[in-house]
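As C-alpha cells, the structure follows; a few thoughts come after it.
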Amino acid sequence: MTDFAAARARMVDVQIARRGIRDAAVLDAMRTVPRERFVPKALAEFAYEDTPLPIGAEQTISQPFIVAAMIEAAMIEAAEIGRQDRVLEVGAGSGYAAAVLGQVANQVFAVERHAQLGTAAAARIEALGYDSVRIESGDGSGGLPAEAPFDAILVSAGGPDVPHALKQQLAVAGT
C-alpha cells in the first residue's frame, strides 16, 4: 500500500520546490490536495510521479510541476491571487488544478467541455468537501458570464487566441 501523504510531501519537495516554485501558498496547496483522488484508481500509485496521467476522454491530468507553475505564474501576474479572489479555470479535466486553486483563492469556477469528465470532477470536488470550488460541464471558451467578473482566468486547454468572452469577464486589473 502506498503512503500517499509521504509521496505527496516528496513530490512537493523534489519535483516542485527544487525546480523553483517558491510561493508558500502554492506549496501548501500542493501538499494538501490528494492527487491520487483525481486519477483513475488503477493509476493511483503513479499519482505523485512527475508526469501527466490519462483521466479518460483522451485527456490527461497535468504533471504536478505544471499545475504548480501555472498557479504561481497566475499569482505573480495577478499581484497575488489570494483568499479574496475569484478565479475561472477553463479546461477542468479531473478537477485537480481547480482543487489546488481552491486552496489559495476565495472561489474557483471551472469549466470542462467533456461532460463525463466534468460530471466526475464535480462529484469528486463535492466528495472531498472543496466548497469553494464549482465545476461545470460546457464550452469554456465562453467563460461563465453569470459568475463574472473574475480576478484571474487560467486556461488549461485552449486555442491559439484568447476568446473575447474571457477578456470581457476579467475584473479590472485581472489577469
Side-chain angles (χ1 to χ4, degrees), residues 1-9 11-12 16 25-71 74 81 83 85-158 163 165-166 169:
M1 174 152 284
T2 303
D3 180 350
F4 290 119
R8 190 165 42 256
M11 171 196 75
V12 172
I16 297 172
V26 174
L27 295 172
D28 288 346
M30 297 295 289
R31 283 187 182 97
T32 301
V33 177
R35 190 170 187 252
E36 73 275 7
R37 298 284 302 272
F38 293 85
V39 301
K41 286 183 183 182
L43 299 176
E45 67 183 288
F46 305 109
Y48 295 103
E49 292 187 10
D50 191 28
T51 186
L53 294 170
I55 57 170
E58 299 182 6
Q59 302 299 303
T60 60
I61 183 174
S62 297
Q63 72 189 78
F65 176 76
I66 295 300
V67 172
M70 176 180 71
I71 294 170
I81 291 174
R83 294 306 307 167
D85 293 318
R86 295 165 43 89
V87 178
L88 172 65
E89 180 197 19
V90 177
S94 68
Y96 178 67
V100 175
L101 277 165
Q103 300 298 301
V104 297
N106 181 37
Q107 290 182 294
V108 176
F109 300 86
V111 183
E112 173 52 50
R113 71 181 177 106
H114 295 284
Q116 74 268 27
L117 293 180
T119 300
R124 186 176 300 112
I125 290 293
E126 183 178 347
L128 290 168
Y130 294 129
D131 298 332
S132 65
V133 179
R134 189 175 91 209
I135 298 182
E136 294 189 12
S137 297
D139 180 359
S141 65
L144 289 174
E147 299 298 340
F150 299 101
D151 299 295
I153 298 176
L154 284 77
V155 180
S156 299
L166 294 182
Q169 293 174 40

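Starting from 1, each residue takes its place in the sequence as its number.
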Going through the distances and angles, do Val39 and Phe46 end up as a side chain to side chain contact (heavy atoms under 4.5 Å, CB included)? CA-CA 9 Å; Val39 301; Phe46 305 109; over 6 Å; no

With sequence neighbours excluded, residues passing side chain to side chain donor-acceptor pair (under 3.5 Å) with [X]:
| X | result |
| --- | --- |
| Arg124 | none |
| Gln63 | Asp50 |
| Glu126 | none |

About how many Å separate [atom2] of [Y] and [atom1] of [X], when rounded to the nearest 0.5 Å?
| X | Y | atom1 | atom2 | value |
| --- | --- | --- | --- | --- |
| Leu154 | Leu166 | CG | CG | 11.0 Å |
| Gln107 | Leu88 | CD | CG | 12.0 Å |
| Arg35 | Met11 | CZ | CE | 7.5 Å |
| Ser137 | Arg113 | OG | CZ | 12.0 Å |

So does Ala92 get a backbone contact from the side chain of Glu112, meaning a donor-acceptor N/O pair under 3.5 Å?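 At least one qualifying donor-acceptor pair exists.
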
Quick one: closest heavy-atom pair of [X] and [Y], and the distance?
| X | Y | value |
| --- | --- | --- |
| Gln169 | Leu144 | OE1-N, 2.8 Å |
| Val33 | Tyr48 | O-OH, 4.0 Å |
| Ala105 | Val87 | CB-CG2, 3.8 Å |
| Gly118 | Ile135 | O-CG2, 3.9 Å |
| Ala44 | Phe4 | O-CE2, 3.3 Å |
| Pro163 | Ser141 | CB-O, 3.3 Å |

Is it true that Tyr130 and Gln103 share a donor-acceptor pair across their side chains at a distance under 3.5 Å?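 Side chains of Gln103 and Tyr130: no pair found under 3.5 Å.
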
Only one of Leu117, Thr60, Ile55 passes side chain to side chain contact (heavy atoms under 4.5 Å, CB included) with Ser94; say which it is.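 Per the side chain to side chain contact (heavy atoms under 4.5 Å, CB included) rule, the option paired with Ser94 is Ile55, out of Leu117, Thr60, Ile55.
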
Can you find a heavy atom in the side chain of [X] that is under 4.5 Å from one in the side chain of [Y]?
| X | Y | result |
| --- | --- | --- |
| Val67 | Tyr96 | yes |
| Leu101 | Ile71 | yes |
| Arg86 | Phe109 | yes |
| Glu36 | Arg8 | yes |

